[in-house]
Amino acid sequence: MPSPNSFDAIVLGAGGAGLMCALIAGQRGRRVLVIDHAEAPGKKILISGGGRCNFTNLGAGPANYLSANPHFIKSALGRYTPADFIAMVDTHGIAWHEKTLGQLFCDGSAKQIVAMLLDECARGGVTIHCGDAIRAVDHADGRFTVAWGGGQASAPKLVIATGGPSIPKIGATGFAYELAKRFGLALVEPRPALVPLTLGPDEALFRGLSGVAAKVLARAGKTAFREAALFTHRGLSGPAILQISSYWRHGESIGIDFLPDQPTGWLRDAKRARPTAGARSVLGALLPDRLAEVLAERLALAGELANLPDKVLEAAERRLADWRFFPSGTEGFAKAEVTVGGIATDGLSSQTMEARALPGLYAIGEAIDVTGWLGGYNFQWAWASGWACGQAL
Ligand code: FDA
């Protein structure tokens with residue numbers, strides 16, 4: 001008879017990845033304990049997708065993720081697909097819809113996703129303990145011992161599922177990295193991702209556009225996203241910017257094409273067609289007024305098109321198609337939806353998420369160096385990595 005504090009596996013973190021891992025292992029007959037310091041499980045799920053949880057993306061594939069080793073993702077993503085998660089959602093009678101670009105949201109509330117995961121955990125006999133700080137995690141004689149508040153438990157298997165440090169005010173920490181380092185796992189430098197970018201004082205003109213949005217094409221290196229960008233009082237945000245922020249590094253520029261639908265030579269052609277039109281009003285017909293005004297000012301586009309030489313118009317067109325911003329930074333982990341980097345995947349099995357350096361130790365979800373685009377990809381990784389690990393416990 002095992003002691004009540006003895007489990008087959010202990011999962012640290014009751015987020016998407018930890019709960020999925022626990023429910024799979026529990027339903028496979030394993031005795032599983034999940035421990036979380038937050039007072040309730042699934043807090044990030046509850047605030048996700050504006051409270052409706054963008055729980056997966058129909059098109060989720062390896063190309064939608066950043067990782068130092070892009071091949072690592074393939075096995076888990078291939079074995080647990082968006083269709084598998086949708087099947088679970090459907091079994092629980094949760095209504096959902098596709099919002100845009102393959103992004104699936106609950107019709108009702110993210111609470112339904114948490115309730116579903118907890119229900120599946122209950123079916124697997126999983127024990128969940130929330131609300132106490134973890135005091136110690138030790139490994140000796142082939143067993144991991146975890147102590148919290150006034151309690152303690154041990155198991156031969158330990159899963160790190162405590163996520164990344166984004167949004168500390170709801171309990172996110174870098175605990176996964178501390179544990180990883182202690183147990184000999186390497187880290188890829190963590191940095192905030194899917195995060196607004198800040199602009200310095202030299203861009204005061206643009207910061208004055210707070211609240212203005214435009215559909216743009218945002219580029220960083222070879223990566224580009226065509227979605228909305230939003231000017232904020234601190235800099236740039238909106239889906240296009242959040243996406244590109246994951247690829248941006250300090251000191252680099254990002255390029256914005258403000259008019260991705262305009263063909264080459266469009267400004268010169270406009271001059272031929274409407275020579276008496278004002279340059280500002282031509283821009284204003286294609287972009288929000290305040291933005292057109294600032295861009296025209298920066299480009300010194302004033303007066304009628306007929307009075308502007310073709311060379312000036314061509315140069316303006318080139319800049320509008322690749323406007324360079326040098327962000328001064330990001331809004332940091334306080335505002336980042338996710339973390340790029342984390343526990344290095346080289347030290348983990350892509351099949352089971354088990355650490356090569358220490359058999360019995362596993363890491364899943366956002367804690368490891370796998371980061372998805374905006375649009376349901378991060379939860380799909382949480383489910384897929386949790387599932388792969390749960391199958392192996
Ligand atoms: P997650 O962070 O969810 O869970 C980790 C758990 O560990 C937490 O419960 C935490 O309390 C616990 N923990 C942390 N430190 C601990 C410690 N020291 N001791 C004990 N427990 C500890 N993704 C997506 O695909 N679609 C979406 O709609 C959104 N929307 C979204 C909105 C916002 C505002 C944010 C911040 C993020 C998103 N995301 C998202 C990203 C998504 O939420 C994220 O990638 C997953 O929740 C990661 O799941 P994990 O289980 O790995 O970590």
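One-based numbering, in listed order, for ligands and for the atoms of each.
Within the structure, ligand 1 has G376 among the residues with a heavy atom less than 4.0 angstrom away. Assignment of L12 to the shell around ligand 1 is not supported, since no heavy atom sits closer than 4.0 Å.
Residue-ligand proximity, G365 to ligand 1, at heavy-atom distances under 4.0 Å covers atoms 52 (O). Counting atoms of ligand 1 from 1 in the listed order, those under 4.0 Å from a heavy atom of Y377 are 25 (O). Near G13, meaning under 4.0 Å from any of its heavy atoms, are these atoms of ligand 1: 6 (C), 7 (O). Counting the atoms of ligand 1 from 1 in the order shown, those under 4.0 Å from a heavy atom of A38 are 11 (O). The atoms of ligand 1 that sit less than 4.0 Å from any heavy atom of G171 are 11 (O), 14 (C), 15 (N). Short contacts between ligand 1 and A17, defined as distances under 4.0 Å to a heavy atom of the residue, involve ligand atoms 51 (O), 52 (O). Per-residue contacts place V338 under 4.0 angstrom from the following atoms of ligand 1 (heavy atoms of the residue considered): 41 (C), 45 (O). Within ligand 1, counting atoms from 1 as listed, the ones closer than 4.0 Å to a heavy atom of G15 are 3 (O), 4 (O), 6 (C), 9 (O), 51 (O).
In this pair, H139 and F144 present their aromatic rings tilted. The plane angle is within the 30 to 60° band. Classification of the H129-W148 ring pair by plane angle, with boundaries at 30° and 60°, yields tilted.
Atom 53 (O) of ligand 1 has its closest protein heavy atom at G163 CA, 3.5 Å. Looking at atom 49 (O) of ligand 1, its nearest protein heavy atom turns out to be A382 CB, 4.0 Å. For atom 34 (C) of ligand 1, the closest heavy atom belonging to the protein is I47 CD1, 3.6 Å. The nearest protein atom to atom 12 (C) of ligand 1, hydrogens excluded, is given as D36 OD2, 3.1 Å; this is a heavy-atom distance. Of all protein heavy atoms, the one lying nearest to atom 15 (N) of ligand 1 is T173 OG1, 2.6 Å. When only non-hydrogen protein atoms are considered, atom 36 (C) of ligand 1 lies nearest to I167 CG1, 3.3 Å. Scanning all protein heavy atoms for the shortest distance to atom 37 (C) of ligand 1 gives E337 O, 3.2 Å. At the shortest separation from atom 52 (O) of ligand 1 among protein heavy atoms lies E366 N, 2.8 Å.
Using a 4.5 Å heavy-atom cutoff, the side chains of F231 and V294 are not in contact.
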- Task: Applying side chain to side chain donor-acceptor pair (under 3.5 Å), run through R234 and T198 and close with a yes or a no.
- Result: CA-CA 5 Å; R234 298 192 62 191; T198 53; 5.5 Å; no
- Message: Please evaluate residues V137 and L12 with respect to the criterion side-chain contact (heavy atoms from CB on, under 4.5 Å), reporting the C-alpha separation (whole Å), side-chain torsions for both, the decisive distance (0.1 Å), and the verdict.
- Response: CA-CA 10 Å; V137 181; L12 302 181; 4.2 Å; yes
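A distance-only check finds a donor-acceptor pair linking the side chain of N54 to the backbone of G376 [under 3.5 Å]. A donor-acceptor contact shorter than 3.5 Å links the side chain of R356 to the backbone of L348.
Under the 4.0 Å criterion applied to side-chain N and carboxylate O atoms, E227 and K215 are not assigned as salt-bridge partners.
A donor-acceptor contact closer than 3.5 angstrom is absent between the side chains of E304 and T276. Counted by atom type alone, Q27 and E120 present one or more donor-acceptor pairs between their side chains at under 3.5 Å. In the model, K44 has a side-chain atom that pairs as donor or acceptor with a side-chain atom of S166 under 3.5 Å. Of the N and O atoms on the side chains of W96 and D90, at least one donor lies less than 3.5 Å from an acceptor on the other residue. Under 3.5 Å, the side chains of S349 and E354 contain no donor-acceptor pair of N or O atoms. One side chain, R143 or S6, offers a donor N or O that lies under 3.5 Å from an acceptor on the other.
Under 4.0 angstrom from ligand 1, the non-hydrogen atoms of N378 come from both its backbone and its side chain. The proximity of F379 to ligand 1, defined as any non-hydrogen pair under 4.0 Å, involves the side chain as well as the backbone. Under 4.0 angstrom from ligand 1, there are no non-hydrogen atoms of W381. Only the side chain of I134 comes within contact range of ligand 1, with a heavy atom under 4.0 Å; no backbone atom does. Contact annotation for A161 and ligand 1: only backbone heavy atoms (N, CA, C, O) come within less than 4.0 Å of the ligand.
In summary, the aromatic rings of F55 and F105 are positioned with their centroids too far apart to meet the 6.0 Å limit. Residues F379 and F85 keep their aromatic ring centres 6.0 Å or farther apart.
The closest heavy-atom contact to atom 14 (C) of ligand 1, among the options T339, T162, I368, comes from T162.
Any N or O atom pair closer than 3.5 Å counts here, and N54 shares at least one such pair with ligand 1. Residue contacts with ligand 1: G49 is placed with a nitrogen or oxygen under 3.5 Å of a nitrogen or oxygen of the ligand (distance criterion only). Among the atoms of I364, none of the N or O lies under 3.5 angstrom from an N or O of ligand 1. On a distance-only criterion, H37 and ligand 1 share at least one N/O pair closer than 3.5 Å.
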